[in-house]
Each structure stands twice: as C-alpha cells, then as structure tokens.
Amino acid sequence: RQGGKRQSNLEPFRPILFSWAGRNELRSLTAAESNGHNVVLTRQYLLSGLYVNELMLRLCHREDPHPELFRVYEHTLSALALLSQQTLFMQQPTGNHAHSSSKAASIEEQKLLRLFEKRLLNAIGYGLYLDRDVETGLPINENNTYCYMLEQGPILSRQVAESGTSVMITGRSLQALAQEDLNDMLVLREIKQLMRAALDMHLGGRSLDSRHLRQSFEQIKLQRNHKT
C-alpha cells in the first residue's frame with residue numbers, strides 16, 4: 001500500500017521531496033513525498049519539458065544545490081504548461097487567425113527554451129560573454145557580425161577565421177540575448193545556433209535523447225502533412 005502511494009507521486013514534472021539512505025553510489029529510497037501539483041504538458045511542449053529535464057540532469061553535478069536555477073526551472077515548466085493549454089484552445093479557430101496564433105506560440109516556446117539555456121549555463125559557471133568584443137574590449141555593435149569563440153566570447157568576424165569551435169552571429173542577436181529581449185524569429189534562430197554549440201561543448205559530445213525524440217516527432221508531422 002505504501003509502495004503504491006509512493007509510485008503515484010512519481011509522475012513526470014511533479015516536484016518530489018526524496019529521502020534516501022546509504023553512503024555509496026547505490027542508495028535506498030526511504031521516502032518520496034509530493035511537494036506540489038504536477039505540470040501537465042502536451043504535444044511539442046512535452047518534448048520541451050523532457051529537453052529541460054535532460055539538460056538539468058546532464059549538466060548539473062549530483063547533489064550540487066542550485067536553488068536559483070530550480071526556480072528558473074519551475075518557471076520554465078509552468079510557462080510551457082500555460083502555452084500548452086493556450087495551444088489546445090487555439091486549435092479550434094481556422095484560417096489566418098489560427099496560423100498566426102500558432103506562430104506566436106512557437107516564438108514564445110523558443111524564447112523560454114533559449115532563456116532557460118542561458119540561465120542554466122550561468123548557474124553552472126559557464127555563462128556566455130555577451131556585452132563586449134573580447135579582443136578589443138569595445139561594446140557589441142548591433143550592426144556588426146561577430147565570430148563567437150565558444151571558450152572566449154565574441155570577436156569581430158573580420159578579425160578571425162570561423163572554426164569548429166565558433167559560431168557566426170550578429171551583434172543585434174548578442175544584444176538581444178544579453179537583454180533577454182527575444183521577440184524576433186531571425187534573432188531566435190541565430191541564438192539557437194549559439195546556444196546549441198555552447199551546450200554541446202559542455203555535454204562533451206554526448207547526444208540528447210530529447211533532441212532525437214523531437215526530430216522523430218517532426219518527421220511524423222511531415223509525413224502526415226504529405227498524406228493530407
């Protein structure tokens with residue numbers, strides 16, 4: 001009976017208070033109590049939730065507390081859940097209104113993920129340098145294009161050759177990420193490339209299962225669209 005109650009608490013995206021015993025890697029779970037309501041995510045937002053969870057597990061050290069990051073994590077999941085509910089509601093209309101609403105929801109989802117990635121890297125000590133050209137010390141100019149060296153920061157593109165450890169990005173996008181003002185789809189695309197490269201470097205070449213799931217999901221969507 002107690003095991004059944006414990007199992008009912010172990011739902012995806014439900015905050016849990018755990019207790020365990022043991023000194024080695026293999027420990028015994030002694031208690032698992034719910035610490036709030038579970039977050040309900042549907043469709044692509046479920047994949048985004050799994051992605052956020054996987055980043056936390058892969059990049060945070062075991063038993064290393066990050067209370068501020070956990071609050072960011074909770075906010076991200078709650079915002080994804082709200083988008084999930086709004087998307088279900090918006091599926092009723094047809095025509096241009098439905099298309100524009102879906103596009104707006106996609107932008108909001110991308111904003112949430114990019115800001116979570118940025119704040120995660122900050123929390124674990126690998127924050128991105130976004131304010132100045134690391135070679136000249138000059139403030140980032142929105143009209144320039146920079147080569148972002150992943151282990152250093154942005155350098156004016158004409159001063160350095162692009163390499164496998166760098167990403168080309170506009171000053172406009174760097175400023176937007178620094179100010180967390182991500183309301184432009186073109187900016188979001190550039191920032192996504194930068195964040196993916198930065199995360200991949202710290203993942204040490206390990207692939208993310210949630211990315212593979214999303215790719216499979218997108219392929220299924222394309223196949224269904226072709227059939228219709």
Side chain to side chain donor-acceptor pair (under 3.5 Å) filter on Asp131, not counting sequence neighbours, yields none
Interatomic distance, CG@Leu194 vs CG@Leu199, rounded to 0.5 Å, equals 9.0 Å
Applying salt bridge (Lys or Arg N to Asp or Glu O under 4.0 Å) to Arg132 and not counting sequence neighbours gives none
So, Thr76 side chain and Val72 main chain: donor-acceptor pair closer than 3.5 Å or not? yes
Query raised in the report: Any side-chain heavy atom of Ser19 sitting closer than 4.5 Å to one from Leu29?
Result: no
Glu108 meets the side chain to side chain donor-acceptor pair (under 3.5 Å) criterion, sequence neighbours left out, with Lys111
Q: Please check if Met201 and Leu174 belong to a single hydrophobic cluster, counting links between Ile, Leu, Val, Met, Phe, Trp and Tyr side chain heavy atoms closer than 4.5 Å.
A: yes
Residues passing the side chain to side chain donor-acceptor pair (under 3.5 Å) test with Gln44, sequence neighbours excluded, are none
Sorted by chain and number, sequence neighbours left out, ring pair (Phe, Tyr, Trp, His ring centres under 6.0 Å) with Tyr126 holds for His202
The side chain to side chain donor-acceptor pair (under 3.5 Å) partners of Gln193 (sequence neighbours excluded) come to none
Sorted by chain and residue number, the salt bridge (Lys or Arg N to Asp or Glu O under 4.0 Å) partners of Glu190 (sequence neighbours excluded) come out as none
request  = Using the rule that two of Ile, Leu, Val, Met, Phe, Trp, Tyr join whenever any of their side-chain heavy atoms come within less than 4.5 Å, decide whether Leu115 and Leu82 are in one cluster.
outcome  = no
Those residues at least two apart in sequence (or on a different chain) that pass side chain to side chain contact (heavy atoms under 4.5 Å, CB included) with Arg172 are Glu142, Thr170, Asp184, Val187
To the nearest 0.5 Å, atom OG1 of Thr30 lies from atom CH2 of Trp20 at 9.0 Å
- request: Consider only side-chain heavy atoms of I, L, V, M, F, W and Y, link residues closer than 4.5 Å, and tell whether Leu83 and Val40 are in one cluster.
  value: no
Applying ring pair (Phe, Tyr, Trp, His ring centres under 6.0 Å) to Tyr73 and not counting sequence neighbours gives Phe70
Across all chains, not counting sequence neighbours, the ring pair (Phe, Tyr, Trp, His ring centres under 6.0 Å) partners of Phe217 are none
Taken in chain and number order and not counting sequence neighbours, the residues that satisfy salt bridge (Lys or Arg N to Asp or Glu O under 4.0 Å) with Arg58 are Glu54
Contacts of Arg189 meeting salt bridge (Lys or Arg N to Asp or Glu O under 4.0 Å) (sequence neighbours excluded), chain-then-number -> none
Taken to the nearest 0.5 Å, the spacing of Leu41 CG from Ser78 OG works out to 9.0 Å
